[in-house]
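See structure below.
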Amino acid sequence: MKIHIIDPYIGQLHLTPTEWANEASMTFNMSERVADIAGEAFDVYEWYDGWRSKNNITDLSKPTHLRVVAIDEFTALIPWGQLNQAAMQFAINGEKLSKGYPIRLYVPNGSSDCLNVKGVVRVELLYDSKLGNDSTYGFKNEIKLEDMILQKGE
């Protein structure tokens with residue numbers, strides 16, 4: 001399964017967890033950031049700085065927020081400043097995650113444990129200070145028009 005990584009200025013990536021980790025300059029043991037959590041991870045800031053460098057982007061300001069969407073549609077919007085210790089866990093002992101696949105975000109210094117999002121399939125880098133300084137999170141509830149019509153007709 002590939003993770004969709006979107007930056008409006010740099011472009012899009014569609015990478016497996018291992019491919020994404022290979023884009024990072026280094027990986028480390030998750031327990032260095034979160035006690036009692038095993039596995040391999042990479043730093044969000046470090047990856048982003050490397051991606052900018054690889055794409056020769058030097059004049060762009062840092063994102064204001066990171067939005068992650070999980071496979072179950074749980075969504076977290078996190079101010080960039082809360083991500084200074086954030087890590088993406090992509091494997092345990094070299095194997096894909098059994099819980100949290102394809103990739104799991106940990107935000108050790110974030111404002112809520114709900115910012116530790118499992119099953120991340122989409123990552124968006126946002127540049128909009130109007131989004132504020134607070135994290136938001138929850139399930140995205142989408143109702144299709146045809147479902148509403150069917151319910152109304154019952």
Side-chain angles (χ1 to χ4, degrees), residues 1-57 60-128 131-132 134-144 147:
M1 177 176 289
K2 294 194 177 207
I3 298 108
H4 303 280
I5 305 152
I6 301 162
D7 184 304
Y9 296 106
I10 300 175
Q12 296 187 31
L13 293 173
H14 303 283
L15 303 170
T16 66
T18 302
E19 289 169 341
W20 194 9
N22 289 337
E23 291 271 323
S25 60
M26 64 172 266
T27 60
F28 56 88
N29 191 309
M30 246 339 279
S31 64
E32 293 176 22
R33 299 268 172 100
V34 182
D36 301 325
I37 301 294
E40 296 87 50
F42 60 90
D43 182 89
V44 171
Y45 279 1
E46 208 171 90
W47 166 79
Y48 181 72
D49 288 343
W51 193 30
R52 284 172 43 130
S53 177
K54 180 179 175 182
N55 287 281
N56 298 315
I57 306 293
L60 183 65
S61 61
K62 299 279 187 181
T64 59
H65 295 78
L66 182 75
R67 178 182 294 136
V68 294
V69 179
I71 201 163
D72 62 2
E73 296 189 359
F74 183 86
T75 302
L77 178 68
I78 309 159
W80 193 253
Q82 288 188 33
L83 298 167
N84 64 331
Q85 289 292 307
M88 292 287 187
Q89 181 190 32
F90 65 94
I92 296 177
N93 297 322
E95 300 293 326
K96 73 178 188 177
L97 300 177
S98 58
K99 280 178 72 175
Y101 180 79
I103 206 158
R104 188 171 193 154
L105 171 66
Y106 282 95
V107 185
N109 297 328
S111 58
S112 170
D113 285 344
C114 290
L115 303 181
N116 299 329
V117 181
K118 63 184 176 192
V120 173
V121 293
R122 182 181 178 99
V123 174
E124 299 172 35
L125 297 135
L126 305 172
Y127 301 82
D128 185 353
L131 293 171
D134 296 326
S135 297
T136 59
Y137 46 85
F139 287 94
K140 184 169 73 173
N141 294 318
E142 291 185 0
I143 300 172
K144 296 177 185 170
D147 291 340

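Because the structure is predicted, anything quoted here is derived from the model rather than measured.
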Completion exercise
Taken to the nearest 0.5 Å, the spacing of Y106 OH from R33 CZ works out to 13.5 Å
Handout entry: Check: S135 side chain, I78 main-chain N or O, donor-acceptor pair, under 3.5 Å
Key = no
Problem - Close side-chain approach of D49 to K62, heavy-atom, < 4.5 Å - result: yes
Fill in the blank from the handout: Taken in chain and number order and not counting sequence neighbours, the residues that satisfy ring-ring contact (aromatic ring centres under 6.0 Å, His included) with W20 are F42, W47
Handout entry: Check: A87 main-chain N/O paired with D43 side-chain donor or acceptor under 3.5 Å
Key = no
Exercise for the section: Check salt bridge (Lys or Arg N to Asp or Glu O under 4.0 Å) between K54 and all other residues, then give those that pass, not counting sequence neighbours. Expected result: E23
Handout entry: Distance in Å, Y137 OH paired with T75 OG1, rounded so as to fall on 0.5 Å steps
Key = 13.5 Å
Exercise for the section: Using the test ring-ring contact (aromatic ring centres under 6.0 Å, His included), find all partners of F28 that sit at least two apart in sequence or belong to another chain. Expected result: none
Handout entry: W80 side chain reached by V44 side chain, heavy atoms, under 4.5 Å
Key = yes
Exercise for the section: Could I get the full list of salt bridge (Lys or Arg N to Asp or Glu O under 4.0 Å) partners for R67, not counting sequence neighbours? Expected result: E124
Practice task
Could you tell me which residues satisfy ring-ring contact (aromatic ring centres under 6.0 Å, His included) with Y101, sequence neighbours excluded, listed by chain and number?
Solution key: none
Exercise for the section: Please report the closest heavy-atom contact between P108 and Q85, naming both atoms and the distance. Expected result: CD-O, 3.3 Å
Fill in the blank from the handout: Rounding to 0.5 Å, atoms CD1 (I37) and CG (N116) come to a distance of 8.5 Å
Completion exercise
The residue among V68, V34, L83 that forms side-chain contact (heavy atoms from CB on, under 4.5 Å) with V107 is L83
Completion exercise
Contacts of Y45 meeting side chain to side chain donor-acceptor pair (under 3.5 Å) (sequence neighbours excluded), chain-then-number -> none
Practice task
Measure the shortest side-chain to side-chain distance between K99 and K118 over non-hydrogen atoms and say whether it is less than 4.5 angstrom.
Solution key: no
Handout entry: Any residue meeting side-chain contact (heavy atoms from CB on, under 4.5 Å) with V121, in chain and number order, not counting sequence neighbours
Key = M1, I71, P102
Problem - Residue pair Q89 / A38: nearest heavy atoms and the distance that separates them - result: NE2-O, 2.7 Å
Fill in the blank from the handout: Residues passing the side-chain contact (heavy atoms from CB on, under 4.5 Å) test with T18, sequence neighbours excluded, are T16, N22
Problem - L105 vs L115, side chain to side chain contact (heavy atoms under 4.5 Å, CB included): CA-CA, chis, key distance, verdict - result: CA-CA 8 Å; L105 171 66; L115 303 181; 5.9 Å; no
Problem - With E95 via side-chain contact (heavy atoms from CB on, under 4.5 Å) - residues at least two apart - result: none
Practice task
With sequence neighbours excluded, tell me which residues meet salt bridge (Lys or Arg N to Asp or Glu O under 4.0 Å) with D134.
Solution key: none
Handout entry: Sole residue of W51, Y127, Y48 in ring pair (Phe, Tyr, Trp, His ring centres under 6.0 Å) with Y9
Key = Y127
Handout entry: Option from D128, L77, L125 for which side-chain contact (heavy atoms from CB on, under 4.5 Å) with H65 holds
Key = L77
Practice task
Please examine the side chains of I3 and L15, heavy atoms only from C-beta on, and report whether any two atoms are closer than 4.5 Å.
Solution key: no
Handout entry: side-chain contact (heavy atoms from CB on, under 4.5 Å) against N29, all qualifying residues, sequence neighbours excluded
Key = S31, E32
Practice task
With sequence neighbours left out, write down each residue that passes salt bridge (Lys or Arg N to Asp or Glu O under 4.0 Å) with E40, or none if nothing qualifies.
Solution key: none
